[in-house]
Structure formats: C-alpha cells, structure tokens
Amino acid sequence: MSETTPASGAAEAATEPFRYGAALAAEIESRWQDLWEKEGTFNAPNPTGPLADGTSVAAKPHSFIMDMFPYPSGAGLHVGHPLGYIATDVYARYQRMTGHNVLHTLGYDAFGLPAEQYAVQHGVHPRVSTEDNIANMRQQLRRLGLGHDSRRSISTIDPDYYRWTQWIFLQIFNSWYDEDAARARPIAELVAQFESGEREVPGGRAWAELSGVERDEVLGEYRLAYSKEVPVNWCPGLGTVLANEEVTADGRSERGNFPVFKSNLRQWMMRITAYADRLISDLDLLDWPEAIKLQQRNWIGRSEGARVDFGVGDDTVTVFTTRPDTLFGATYMVLAPEHALVDAVVPAEWPAGTRDEWTGGAADPATAVAEYRAAAAAKSDVERQADAKVKTGVFTGAYATNPVSGEQIPVFIADYVLMGYGTGAIMAVPAHDSRDFAFAQAFNLPMRCVVRPTDGRGEDPHTWDDAFDTYDSVLVNSERDGISLDGLSVVDAKARITAWLAEQGIGEGTVNYRLRDWLFSRQRYWGEPFPIVYDETGAMHALPESMLPVEVPEVDDYSPHTYDPDDAASSPKTPLSRNEDWVNVELDLGDGVRTYRRETNTMPNWAGSCWYELRYVDPVNSTSVVDPANEAYWMGPTAEKPAGGVDLYVGGAEHAVLHLLYARFWHKVLHDLGHVSSVEPFHKLFNQGMITADVYRDARGFPVPAAEVVDPEGNGQYFWQGEPVRREAGKMGKSLKNAVAPDEIADEYGADTLRLYEMAMGPLDVSRPWDTRAVVGSYRFLQRLWRNIVSEVTGELVVTDEEPDEATLRALHKAIDGIRGDMAGMRFNTAVAKAIELNNFLVKRGSTPRSVAEQVVLLIAPLAPHIAEELWRRLGHEQSLAFADYPVADPAYVVDETVTCVVQVKGKVKARLEVAPSISDADLEALALADPTVVAAIGGAQVRKVIARAPKLVNIVTG
RNA sequence: GCCCCGAUAGCCCAAUCGGCAGAGGCAACGGUCUCAAACACCGUCCGGUGUGGGUUCGAAUCCCACUCGGGGCACCA
C-alpha cells in the first residue's frame, strides 16, 4: 500500500476526515483487495475436477473472458499496458452481476528472446529475472483490483505447464494430415497402412526393409511436426533462425532489427500449410474484426489457378499460374535459382543464337548458373528486396515447349521466382504480367499479346510501357489445333484451358497458398526443450509421456551464440549443446537402457501461448491437458459460437497473424485428435487501441522527460529546463521518456479513478493520447458520488429514506437502460458518461434517496469496484456486490411522457411541439399543420409534401 | 504500388434506422469558499462535422473524387 499523500490531503484531513481523497481511496482499495483474495471471490467453479465446488454449474450461463497474457518485461508497466485488462475486468464483473459463471484470470508468457536478453544484459539467470519480473508485474496489477481467479494463473515457464506444451508437441509430431479425411490422424495409423501395404511406401520398398533413419525420412514427409533441411531465415545478429512471420517486409528481424539471410539448415517445422484451407474458411465462424480476418486471409494467401507441365528436353517442369488463360502468351520460362531440375536441364554449351546479354558473361551455361546462384545466395533479403525493380537472371541454355503453341521458349533462372511459392517455376507472360514484362525488357525477350487491351494501346507489346493485366477483356491470338480461346472472357478462358489441360493430362486446376510451413526451432536457451532424442544411428525417438517434462537444464552459460549481424556464412549453434551432461542421456525407451543424444534446439516463444486458454480451463489437471468436460463447458460449440472457443479475447492487433494463427492451428490439431470439442480457440476477438503519449524532443532530437516540460504561455511553446523543445505524437515508453506508471496515478487518485479514466477516454478499440491532467475529471466524479451517499465530515450516510420522485426515477431508469446496453456492447466510455450524468442529476437534486443510491452503486460497480463495494457495505449490505443483480430498467420510466417534436419547413426548424411518444404520423402531421408558428412559416405557400416521422419530426416541403 | 481504417468544439470524445450537431470529461473564463493559495463547488464560453461534388424533403451518417493521419501487405506468378 502506498504512503503517498497529496499536499491537499493532510490539510483537509482535519475538517473532512471522510472525504474521498487519495488516502481514503488507498485504504478502501487495499482492504477490498485483501478481502477478495481471502474469500476467493472471483474463483470460478468448474463442472468437474479439483476446481469443482460441488455445486452444479452446468445450468448457469457462463462466460470465458480472456486477455492476451503479458510478457513479464523488466521495465515495469505504464498506463497503456493495463487498458485491456481493465476493460475485460469491467466486462467480467458486469457478466458476473448478470448471473454468469465467469472464468477470468491472467497468466504470464515468460519464455523467449526478450527475457533471455534481459537476463544476459543483467547477468542474472533468466529464471531468476523472469520470476522477479512476474512478481513485480503481479504487484502492479494487483493494485488495479482486477477480479482474477488466481488459482488459474499459469506461467509458461512452469514445468507443470510446459510439460503439456511438450505433450502437445508430441501429439503434433505423432500426427499426419489425411487429405482425404481432411483432418489430422495419429501417425501410427499411417505406419499401419505402410506395413500392411494398403498404402505404398514412397520409393517403392517394403516398410520392413527400411532402416530407422529411412523410416524417419518417409514419415517426416507426413508428420505435422517434422525436422528437415529447408531454406530458413538465419539471423546471425540474434544467433537464431526465425519464422517468416518474425521477419519484417524489408528482410530484418522483427526483434533487434538485424539482417536476415536465407540458409539451408535442418530445422523443426510445423506443417501449418496442411490447415491453410480450414484456417481461411473457419474465419467465417468467428466474431473477429474484419481487418484481422483480412490480414489472416492475406497471409494465408489463397490463389486459384492451374498447374501446367512444360517439357524441357526429357524432363518435365511444372509451373503454377493464376492466369492459365494467357498460356499462348508464355514466351519464356523462369525457374527459381534453387530449383531441383536446373542442373538436369543445363546443356554443356550455349545453343546457337544465344544472346550475349542472356549469358551473364559466362563461357558455358553451367558456369553462368553457378555464378548466378552464388551471387543470389550472398544477397541478404534486404538487398534482394531493394533490387526488386531491377530484374536479374541468366539463361540456362535449355528450351521448354509451350504445350499449347508448341513453340520452343528459353528457360531462365532468376531470383524474382521464389522456390517457396507454387512449384518454384513460372511460365512468363510478359505482355500480361508486370514482373515478366520488366524481365523481358531487360533481356530482350519476345512478347505476345493474348488479351485484347481495352485502353487503345494496340496489340504490339513492344510498344507498351507496362503489362496489360486487366481481367475485364477478351482473349486474342490464342488458337491452335484443337483449342481456341479467342473471343472468350478471361474468366471463361481460364475454365476452358484448365479443362483442356486436364483432358490432355498436362495440367489441372489447383489452389495454391502463400502460407509456408512454420519454422518451429530456435537456437536459444530460454525455451521449451523438445521431447526428442536420437539414438546412435541418428534415428529419432519421441520420448514417452511418462518422461515429461524435459526440464530446461540449470546451466551457468545460457547466452546465445551470436555473430556479426552481416556474417551470412555463419551457422547457428544451440546453447544447450554446450552441456554434454545433459545432451547425452541414458534411457530405456522399451528395448533396454541405451545412450541417446537430446535434441538441443528449443521451441519458439509462441509455443506457450498457443494453448494457454485450455490450461486456464483446467490449470491443475495432472492427468490430461484439459478435462473434456471442463473444456466442453467453457469452450464447447453452441448455437452462438458455432466453432466454440473463448467468449471474449482482448488484445493488441499486432498479434493478427503470429500468435492468433499459430494458436488456431494447434487448436485444430487438438480438435482433430479428439482432445477438445471446440474447433477454434477464440470466438470473439476484440483489439483494444493503444494509449499514445506526447513525446518532447530537444534541438538534437533526443526525447526529454515529458513530465518536466512546461508551457508557460499556454500557447503551445514548450520548454524543458529553459530550452525550447518540440512536441510530437508517439507511443508511450521508457525510451521516449514519457511513460506514466499506473502506480503514480493510483497513488495520487486511487485505482478506481485510474480504471474509470482509462474506460472514459474513448472507445476501447481506438488509440488515444494519455492526458494526466484530465484524470482529475474521473476523480471528481467519484468524489461527488461519495458525497451523495456519505458525509465528508462525519462519515455517516446522507441518503434519505424518501420515495424517489418521478423525475428521479426517469433519470435513474434511463441511465440503467443506457448503461446496460453500453456494458453489453463494451462501450464503456459512454457508460461512464451516463453514470456521471445520473450522478450530476443527483447532485443538483440536493439529496439522494437510499433506493436510488443503491442502484447507482451497483451501476458503477464494474467500473470502480472498490468504492462501490465500500458504499454498498456502508449502505448496510454484508455480502460483496460482485454477485449482486445488475440493475434492470423499468420500461415505464425509460420512455418520456412527452417528446419534443421538431417541425421543419424545407428542412429548417420552425417550431417545437410537445407530443405523446405514441402519437401516430397522421395525428402529428395534423397537429403540425395546425400550429400557428408553422402556418406563419409556410406563409401561404403551397404545401407540396409532408414527411412525418412520429414522434420526433415533421418536415413540410413547400414550393 | 496495392489493400484496410479513421478525420465532429482549443483537446479527448457523444450523436443506436439518414431526422434539433452535444451526453460526459479536460482546458479556458467568471464567481463561491479562503487572510491567501490549493482542493472543492456553482456558472459561462466555444464548432456546423477534413476538402469538393452527388443522392435525398432532410447527410456527421449513404455514394464519388481528393487531402491528411494510422495500420497491413509488398517480385507470391
């Protein structure tokens, strides 16, 4: 508890000892927080298991309200951090007061890079610093009076938690995606198919003949978690590989902003691509902001198109295209530099007629290809993107056959074709694709117009400035032998040529996704170890469930192997591999005790957050990840939630494609394997806005402490220590020297004032600037509320026992009606405004009837729970109001007896009439036309039309 | 370059179906209280909705174009 007292407090304490000031607020708040904790007020019972309380909760409506859990950083909280936590708490309290069993808690996401970097910088073990940070954060958050079920608060670094993270990994590892059934199945069922011969083993040999390593390789092509050598994002500056989602558009690490290079490395991957289709289509079942759904759709990037086979010598190269209709316009072909068939198609010498600019100056094709590949590999992603406008590439010396035109077309390699997308090969149609157009111009390649331009540019692409890529036109120059597309629209031509390709057996319609598999291993110490070991032959073994958790070993040297950020030639090393005692382990995996080598990579920090909602549901279950009955109760599908999931999930929009996509993927795997009934983890998603703050910079551009900046003239000329500084909008944070801690505000005004202010600032989903000066407004409101009920001098109740009059009842019930709607719709800013309006009415009224006071206290309780509990107690109630019934409006008092009707003449207001709310349009029109002021306003002009909208408006059109 | 979101009083924001632009708060100004100040209290002031068109009896709200601000994607064939 804080001892801070504002200057005014002490002076007033003598005459107004019961004034609602900082000291009294602090006393009330800590007392109620202690009581809630002692009584377990916010503990939500489960239907079954250790958290069941013997009562039947099945029939009660229930609500699972969740925040995106925090990373326990060492910097401490600023007032922006708890915005979402306050909002969910207000909502959760409202739900509790409307009869719901509410699951609301908060855990900590404590593995990962920042925690490790903090530890390295401070020379403390990550576990120590992380646990300290969690303790600090808990302390700061406790002061806000958040009604959490503390029994359910998990931390991802707790071995009892990550045991299940590892268990889920094993579920995913031991599964494959059955395309026919469109779901994940246990890998054992696939092995059985291989053993029985029901399914042919790739490579054609019998399953029994394969060695352990060979079986690993076969199964690795099916498993949903697999280890494979693939081109990955290697970040020497961080010393680890990164997921695509963690690399920014300009090819740098999202964390640390270091360059990222493509490197072929054996790494753990998650086959999230198997779920691409379901991850898109199930978005339709979710109540999420459209912007987030759109980002996920874009990230998954579904494209419909076709695969087309091109003969290249004796080989076949398959390309993916979204424009099969332009096949007649394909005048060359491009393979990604890493494409597996490049070496096969390269001839010994340049064919006759090879243009000089195609060869890259090399004496023969093999040399040209090797040189180009080397140059491409040395480029970082940053350089590659910077060079995007300048097309580079080199001729392979090979020619492909265009399957419709029969023409021989040159085959190039170029880095604008990516190995990771489609088939890593394209047919180039320079006339109708801007990238192909740029490449064709650079290399003097032929172009053919096959879609008639609609902008008068003519049909000779060589005279064009850019490609013509509009869909809204018809095909030309596209006829040969048995196939003609001429005259067809682009859409119809696509369908025709796709069907024709399928008939010929040289192509088919297909769907392609931008999404890549998820790179799941990191070269860090501070993460979940993989429950995987290797035997002396190198064969992989999953540890049995009984050996979980594989604990993070206690070591002295936990620092990562980092390199010069630009050293692309470096390669990752895992910190755990330094610890031979841990790496080499004697285990009995069923065939006697043998020596195994542990997997030394660790999981990415996303792992722990992929499933924590499930653990909130059943946090101390030691026999299963979550009891099916508890999962079904809190998260199961219902009519309102067709895919099931958490009822409300609040967090920042920055997790749109990372956490939210990964968590959906894991949840779906668990659903397929029968562990959860819900299909999606989060039914309703709400993105809260950011609290911004002004940043003040000095002449050199460095931020100066915002709290010390003055504006002596009040004219926007700011000074810090006498020096002029300039103001700009920015984020709140320590580095910008404008962070305001929630503790500062709580010290000066109390936590209820802070909660109320944050809710009143504006709509929850909009970013808005913090203004410490404005906080006093919320404080004054609570003081007025207090004063309406309790004497500041004696501490006695000042409410009266009179029956409230009609005007008071109308004000009360209108407020109840409005606030209820605002609460349910999470419009907390307008709920606060209505509560202030009602309270101001009572201030003006001069006294507050007890019955009204009680309703007001209940109305404000979700927003300012401490003062509400205190007033409730003082009004004579012995039970906490946490489960009291939220006030319900009496409809008779919500509607006014008379309504002011506006009479307009030609849209201008000319008169006002007091009318009954139930008046009909016809009666209102007659009344308006009879009104003398209106008659005067019409002034004898002809009434052409009268629009009556009872009971609020009549508009008379004359003319 | 493409896509999404936003713009209302000096500031933060209301206006639920297209129907009187104002609910609430901050600041400013005047007053009460005070020896004085702070706190508190009472009261007052303030804009026609970013710009330009359109639809409509009527537009902050719907449509089109533009400006500014925020966000996402960016060689994905």
Side-chain angles (χ1 to χ4, degrees), chain A residues 6-9 11-12 16 19 21 249-250 289-292 294-295 298-299 301 303 305 319-323 334 384-385 387-389 391 414-418 420-429 433-436 438-439 512-516 653-654 656-657 689-690 692 714-716 729 756-757 760-763 765-781 783-784 787 792 818 821-822 825 827 829-837 839-840 843-844 900-909 912 944-947 949 952-959:
Chain A
S8 58
E12 269 162 18
E16 294 174 340
R19 177 184 182 75
D250 58 350
E290 272 310 312
I292 302 290
L294 195 67
Q295 278 187 56
N298 287 343
W299 187 263
S303 296
V319 304
F320 171 74
T321 177
T322 55
R323 296 293 304 272
V334 185
R384 243 181 84 139
Q385 311 250 349
D387 295 346
K389 288 196 176 64
K391 294 283 179 286
D415 66 0
Y416 83 95
V417 173
L418 309 173
Y421 185 76
T423 61
I426 63 158
M427 63 179 216
V429 185
D433 180 283
S434 60
R435 296 149 303 187
D436 297 343
F439 191 85
N512 201 53
Y513 296 93
R514 207 189 78 111
L515 184 70
R516 314 289 159 86
E654 68 274 17
V657 285
M690 209 188 316
T692 60
N715 60 358
L756 206 57
Y757 174 67
M761 287 170 80
D765 55 352
V766 172
S767 292
R768 53 247 136 121
W770 178 262
D771 182 4
T772 296
R773 286 180 315 173
V775 177
V776 72
S778 299
Y779 181 58
R780 287 177 190 148
F781 161 55
Q783 288 185 323
R784 288 197 297 271
R787 218 166 21 236
E792 293 184 336
D822 288 345
R827 297 183 297 268
N829 55 327
T830 49
V832 172
K834 284 165 186 148
I836 294 175
E837 190 179 9
N839 194 55
N840 288 351
V843 169
K844 279 215 171 68
T900 306
C901 172
V902 178
V903 184
Q904 299 176 339
V905 176
K906 294 178 85 172
K908 296 237 160 51
V909 180
R912 285 157 211 276
R944 195 194 294 167
K945 195 172 177 185
V946 181
I947 294 114
R949 289 281 180 276
K952 294 185 78 175
L953 177 129
V954 177
N955 190 12
I956 298 160
V957 188
T958 61

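Treat the numbers as computed from the prediction; the structure is a model and nothing was measured. What's counted below: heavy atoms across the whole structure, side chains too, no hydrogens, waters or symmetry copies. Order of the sequence lines sets the chain letters (A, B, ...), proteins ahead of strands, with each chain counted from 1.
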[X] has an atom [atom1]; how far is it from atom [atom2] of [N], in whole Å?
{"X": "A/I426", "N": "B/rA77", "atom1": "CD1", "atom2": "C1'", "answer": "5 Å"}
{"X": "A/M761", "N": "B/rA14", "atom1": "CE", "atom2": "P", "answer": "12 Å"}
{"X": "A/I292", "N": "B/rG71", "atom1": "CD1", "atom2": "P", "answer": "14 Å"}
{"X": "A/K834", "N": "B/rG22", "atom1": "NZ", "atom2": "P", "answer": "17 Å"}
{"X": "A/R323", "N": "B/rC75", "atom1": "CZ", "atom2": "C1'", "answer": "17 Å"}
{"X": "A/N829", "N": "B/rC12", "atom1": "CG", "atom2": "C1'", "answer": "10 Å"}
{"X": "A/R912", "N": "B/rC20", "atom1": "CZ", "atom2": "P", "answer": "10 Å"}
{"X": "A/Y421", "N": "B/rA74", "atom1": "OH", "atom2": "P", "answer": "13 Å"}

Does [N] have a Watson-Crick or wobble mate here (both distances under 3.5 Å), and if so which one?
{"N": "B/rC33", "result": "none"}
{"N": "B/rU55", "result": "none"}
{"N": "B/rA28", "result": "B/rU44"}
{"N": "B/rG69", "result": "B/rC5"}

Base, sugar-phosphate, or nothing for [X], non-hydrogen atoms under 4.0 angstrom?
{"X": "A/V843", "answer": "sugar-phosphate"}
{"X": "A/S434", "answer": "nothing"}
{"X": "A/R768", "answer": "sugar-phosphate"}
{"X": "A/V832", "answer": "nothing"}
{"X": "A/R827", "answer": "nothing"}
{"X": "A/N512", "answer": "nothing"}

Would a distance-only check, ignoring hydrogens and angles, find a side-chain to backbone donor-acceptor pair under 3.5 Å from [X] to [Y]?
{"X": "A/R949", "Y": "A/I947", "result": "no"}
{"X": "A/R784", "Y": "A/V843", "result": "no"}
{"X": "A/R768", "Y": "A/G762", "result": "yes"}
{"X": "A/N512", "Y": "A/S303", "result": "no"}

* Do the ring planes of A/F320 and A/Y421 sit parallel (below 30°), tilted (30 to 60°) or perpendicular (above 60°)? -> perpendicular
* To do: Please figure out whether A/V766 or A/G818 has its closest RNA chain B nucleotide nearer the 5' end.
  => A/V766
* Find which nucleotide of RNA chain B each of A/E837 and A/T423 is nearest to by heavy atoms, and output the residue with the more 5' nucleotide. => A/E837
* Are any of the side-chain nitrogens in A/K834 or A/D822 under 4.0 Å away from the carboxylate oxygens of its partner? -> yes
Are any protein N/O atoms closer than 3.5 Å to N/O atoms in nucleotides 54-57 of chain B? If there are, list each pair with its distance.
from   : atom 1 : to     : atom 2 : distance (Å)
B/rC57 : O2     : A/N955 : ND2    : 2.3

* Asked: Glycosidic conformation of B/rC17, syn or anti, with 90° from 0 as the boundary?
  -> syn
* **Chi class for B/rG22: syn within 90° of 0, otherwise anti** => anti
I'd like a list of close polar pairs between nucleotides 26-33 of chain B and the protein, N/O only, cut-off under 3.5 Å.
from   : atom 1 : to     : atom 2 : distance (Å)
B/rC26 : OP1    : A/R780 : NH1    : 2.4

In whole Å, what separates the [atom1] atom of [N] from that of [M]?
{"N": "B/rG18", "M": "B/rG6", "atom1": "P", "answer": "15 Å"}
{"N": "B/rU16", "M": "B/rA60", "atom1": "P", "answer": "13 Å"}
{"N": "B/rC62", "M": "B/rC26", "atom1": "P", "answer": "31 Å"}
{"N": "B/rG70", "M": "B/rA27", "atom1": "P", "answer": "28 Å"}
{"N": "B/rC57", "M": "B/rC64", "atom1": "C1'", "answer": "23 Å"}
{"N": "B/rC29", "M": "B/rC45", "atom1": "C1'", "answer": "7 Å"}
{"N": "B/rU61", "M": "B/rA77", "atom1": "P", "answer": "37 Å"}
{"N": "B/rC73", "M": "B/rC39", "atom1": "P", "answer": "47 Å"}

* Does the ring of A/F439 carry A/K391 above it, NZ/CZ under 6.0 angstrom from centre and within 45° of its axis? -> no
* Structure fact -> For A/Q904, the side chain to side chain contact (heavy atoms under 4.5 Å, CB included) test, sequence neighbours excluded, returns A/V902, A/V909, A/L953, A/N955
* Asked: Can you list the residues that meet the ring pair (Phe, Tyr, Trp, His ring centres under 6.0 Å) rule with A/W770, with sequence neighbours excluded?
  -> A/Y757
Among [options], which nucleotide has an atom closest to any side-chain atom of [X]?
{"X": "A/W299", "options": "B/rA74, B/rG24, B/rC13", "answer": "B/rA74"}
{"X": "A/P763", "options": "B/rC75, B/rC13, B/rC41", "answer": "B/rC13"}
{"X": "A/T830", "options": "B/rA14, B/rA77, B/rG25", "answer": "B/rA14"}

Check [X] against [Y] and note the closest heavy-atom contact, atom names and distance.
{"X": "A/Q295", "Y": "A/A656", "value": "OE1-CB, 3.3 Å"}
{"X": "A/V319", "Y": "A/I426", "value": "CG1-C, 3.6 Å"}
{"X": "A/M427", "Y": "A/D436", "value": "O-OD2, 4.0 Å"}
{"X": "A/P769", "Y": "A/T692", "value": "CA-OG1, 3.1 Å"}

* Structure fact -> In this structure, OG1 of A/T322 is separated from CG of A/D433 (nearest 0.5 Å) by 8.0 Å
* Interatomic distance, A/E837 atom CD to A/F781 atom CZ [nearest 0.5 angstrom] -> 11.5 Å
Any N/O pairs under 3.5 Å between the protein and nucleotides 43-49 of chain B? List them or say none.
none

Scan nucleotides 2-6 of chain B against the protein and return all N/O pairs shorter than 3.5 Å with their distances rounded to 0.1 Å.
none

* Check whether any side-chain N or O of A/R19 sits under 4.0 Å from OP1 or OP2 of B/rC41, and answer yes or no. => no
* To do: Go through the N and O atoms of the side chain of A/K952 and the base of B/rC20, and report whether any donor-acceptor pair is under 3.5 Å.
  => no
